[in-house]
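See below for the structure under consideration.
All values below come from the heavy atoms of this structure, side chains included, with hydrogens, waters and symmetry mates left out. Indexing begins at 1, ligand by ligand and atom by atom, following the structure's order.
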Amino acid sequence: MPKRLPTAAVRAAVLAASLLATPAVAAEPVQARLSIGSEPSGPRIEPEVYGHFVEHLGQGVYGGLWVGPESPIPNTRGWRNDVLAALRHIGVPVMRWPGGCFADDYDWRDGIGPPAQRPRRLNKFWGMAPEPNRVGTHEFLDLVELLGSQAYIAGNMGSLPPRALSQWLEYMTSDSPHSSLAAERRRNGRAKPWRIPFVGIGNESWGCGGHMRPEYQADLHRQYVTWLHTPAKRVASGDGEGRDEVTEVLMARAGQHMDALTLHHYTVPAGWQKKGRATEFDERLWALALHDAVVGLEDHVARTIRIMDRHDPDRRVALYVDEWGMWHDPEPGAEARNAHLYQQGTMRDALVAALAFHVFHRHTARVKMANIAQMVNVLQALVLTDGPRLLLTPTYHVFDLYRPFRGALPLPVVLDTPEYREGEGPSAVTLPAVAASAARGEDGRVHIALVNLDPRRPAQVTLPATAPLRGRMLHAATLQAHNRHGETPAVTPRSLEAAPRDGRITLTLPPAAVAVMTAGP
Ligand code: AHR
């Protein structure tokens with residue numbers, strides 16, 4: 001995709017215009033009423049819905065997560081301690097690796113054995129950057145164990161034969177005394193087999209994974225899984241462009257041979273040609289981004305599920321939204337320092353993340369995993385690094401706020417909310433001013449997430465309650481506020497509490513805010 005950056009003058013004008021649309025404007029609050037049902041609306045919200053994606057891309061791995069054991073940056077066997085601590089705090093249920101587009105050009109044999117003897121390759125999809133293969137299977141699976149996470153291995157179906165994927169799995173998981181691959185793994189320092197719960201068969205096979213027709217991909221998928229002999233969930237690569245026929249053909253021709261099908265959905269409010277920077281946007285681009293999270297993602301997921309339901313009424317095959325998030329133009333200078341797809345994150349990204357979670361919570365019967373793209377330094381990252389420095393993005397804080405939803409049972413919500421409207425006439429964007437999601441946690445407590453989408457008006461949300469609500473809220477002085485290296489964070493959560501009166505609670509959210517509250521004494 002061609003990338004054109006606006007000139008400095010255009011950027012300054014856009015920024016000036018966008019700062020007018022800050023939450024600082026005093027305005028009459030919108031009034032919303034919320035009621036929450038007591039019977040679950042679906043099976044539990046799988047913790048893996050709060051999953052991650054780690055690709056060999058830019059500084060996602062090298063520099064971001066991995067600095068090497070010799071680095072002066074404090075690390076554990078090469079993985080930086082500051083990033084590990086941040087990730088452990090939010091918990092990482094699952095990590096997809098090594099791509100993305102990179103996966104279909106990756107030979108696992110390049111990443112095993114003595115590091116000095118590993119081949120050096122060029123990362124063809126991401127700027128021909130040097131790929132030293134310093135991080136390979138052993139290192140990645142060490143990270144999985146360091147984080148108490150689960151591995152989702154993205155296998156190559158685009159440029160290697162089925163035997164390669166089958167042998168990679170045997171190398172990682174076999175305990176047999178008769179397997180040369182298991183013996184090789186032991187010689188390389190790992191006695192015990194690893195547990196690999198998820199294996200992907202190709203990535204975006206309609207695009208960077210081989211530009212295949214879905215009919216051809218369905219046949220290849222069937223062929224590749226034949227040789228896996230694995231208890232891992234076999235994940236077929238699905239649609240990412242809103243092309244229903246991809247889902248249709250894969251489910252019809254290969255549905256019996258998969259345990260999950262993927263969906264990719266990126267939020268690109270200004271369009272792919274000229275995406276614009278993460279931190280420079282006006283109210284129109286605010287509204288379009290939220291519209292994509294509320295309507296676009298919901299529609300993409302719901303349409304895919306409808307097709308899956310026709311072919312698989314018993315819902316044996318899960319849907320994994322294994323790439324999602326906002327895709328902006330990279331920060332200036334990022335590509336020159338091999339930090340491909342390095343972008344900042346603001347309250348806009350935070351709200352998009354929160355609203356995406358609400359979509360996943362509504363479809364728990366089918367959506368069993370989702371992986372934000374990506375974990376560190378790439379696209380809608382949770383953590384950004386700069387040499388030894390680290391910052392947490394607003395998206396990180398949303399993951400943190402929504403932790404109580406992991407493993408919880410979704411509850412039905414009825415929300416009576418006014419509209420938030422941007423623009424006039426046929427091009428107007430209309431959205432609910434307030435969005436909500438609720439769930440009952442494993443401890444029986446009810447958790448409520450509220451989002452005020454309106455960037456100008458506070459929201460007063462009233463709900464029946466006999467016990468106080470306690471939780472945290474994310475809000476910032478401007479929509480464009482973001483955390484910067486070496487500065488006091490501009491976006492961090494703060495506590496929020498409300499007590500019942502006459503059997504009701506009224507919570508006031510500032511404009512453009514996300515709150516997660518728990519009911520209880
Ligand atoms: O996440 C970046 C890229 O987006 C992935 O490599 C690819 O699968 C998708 O197109």
Side-chain angles (χ1 to χ4, degrees), residues 1-3 51-62 64-65 94-106 121-129 131 135 140 152-159 198-212 214 217 235-243 246 250 260-268 271-273 275 278 292 297 300 319-331 334-335 338-345 349 352-353 356 369-384 393 395:
M1 279 147 286
K3 296 185 180 68
H52 295 264
F53 172 33
V54 177
E55 181 165 11
H56 285 234
L57 192 180
Q59 296 187 356
V61 174
Y62 301 111
L65 281 153
V94 63
M95 283 187 285
R96 175 174 181 245
W97 173 88
C101 295
F102 180 83
D104 277 303
D105 192 36
Y106 181 64
R121 307 280 185 212
L122 297 177
N123 191 329
K124 300 201 187 76
F125 282 100
W126 305 114
M128 290 289 175
E131 170 52 63
V135 169
F140 172 70
Y152 172 9
I153 296 293
N156 181 338
M157 184 174 73
S159 66
F198 309 99
V199 58
I201 327 294
N203 169 74
E204 296 193 349
S205 304
W206 41 265
C208 65
H211 296 108
M212 299 172 195
Q217 185 206 331
V235 186
S237 165
D239 170 50
E241 297 181 312
R243 283 176 51 210
V246 172
L250 289 171
L261 178 67
T262 73
L263 186 73
H264 290 179
H265 186 96
Y266 285 100
T267 297
V268 195
W272 286 99
Q273 290 305 312
K275 298 186 273 300
D292 184 67
L297 176 62
H300 202 179
L319 181 62
Y320 292 172
V321 187
D322 68 357
E323 290 187 29
W324 67 272
M326 291 207 77
W327 193 318
H328 307 290
D329 279 331
E331 292 295 301
E335 295 194 346
N338 269 341
H340 297 274
L341 306 192
Y342 177 94
Q343 64 189 39
Q344 257 292 358
D349 302 82
V352 164
M369 187 192 293
N371 310 69
I372 190 159
Q374 297 191 6
M375 189 183 236
V376 179
N377 287 341
V378 175
L379 297 178
Q380 191 172 344
L382 284 79
V383 173
L384 297 177
T393 65
T395 299

Atoms of ligand 1 close to F53 [distance to a heavy atom under 4.0 angstrom, numbered from 1]:
1 (O)
Between C101 and ligand 1, is there a nitrogen or oxygen pair with a distance under 3.5 Å?
yes
Is the backbone N or O of S237 less than 3.5 Å from a side-chain atom of Q217, with the two atoms forming a donor-acceptor pair by type?
yes
Closest to atom 9 (C) of ligand 1 by heavy-atom distance, out of H56, E55, E323, is E323
Out of curiosity, W97 CH2 to Y106 OH, how far, rounded to the nearest 0.5 Å?
4.0 Å
Does Y266 approach ligand 1 within less than 4.0 angstrom via side chain, backbone, both or neither, non-hydrogen atoms only?
side chain
Roughly how far, to the nearest 0.5 Å, is the NZ atom of K124 from the CD atom of E131?
11.0 Å
May I ask you to check if ligand 1 and W327 share an N or O to N or O distance below 3.5 Å?
no
Applying a heavy-atom cut-off of 4.0 Å, say which part of W324 lies close to ligand 1: side chain, backbone, both or neither.
neither
What atoms in ligand 1 come closer than 4.0 Å to a heavy atom of Q374?
1 (O), 2 (C)
For a 4.5 angstrom cut-off between non-hydrogen side-chain atoms, does H52 reach I372?
yes
Is the shortest N/O to N/O distance between E204 and ligand 1 below 3.5 Å?
yes
Calculate, to the nearest 0.5 Å, the distance between atoms CG and CD belonging to N123 and E55 respectively.
7.5 Å
Is W126 near ligand 1, meaning one of its heavy atoms is under 4.0 Å from it?
yes
Is any side-chain heavy atom of E241 less than 4.5 Å from a side-chain heavy atom of V246?
no
Using 0.5 Å steps for rounding, measure from the OH atom of Y342 to the CD atom of Q59.
8.0 Å
Please work out, at 4.0 Å between heavy atoms, whether the side chain, the backbone, both, or neither of L379 comes within that distance of ligand 1.
side chain
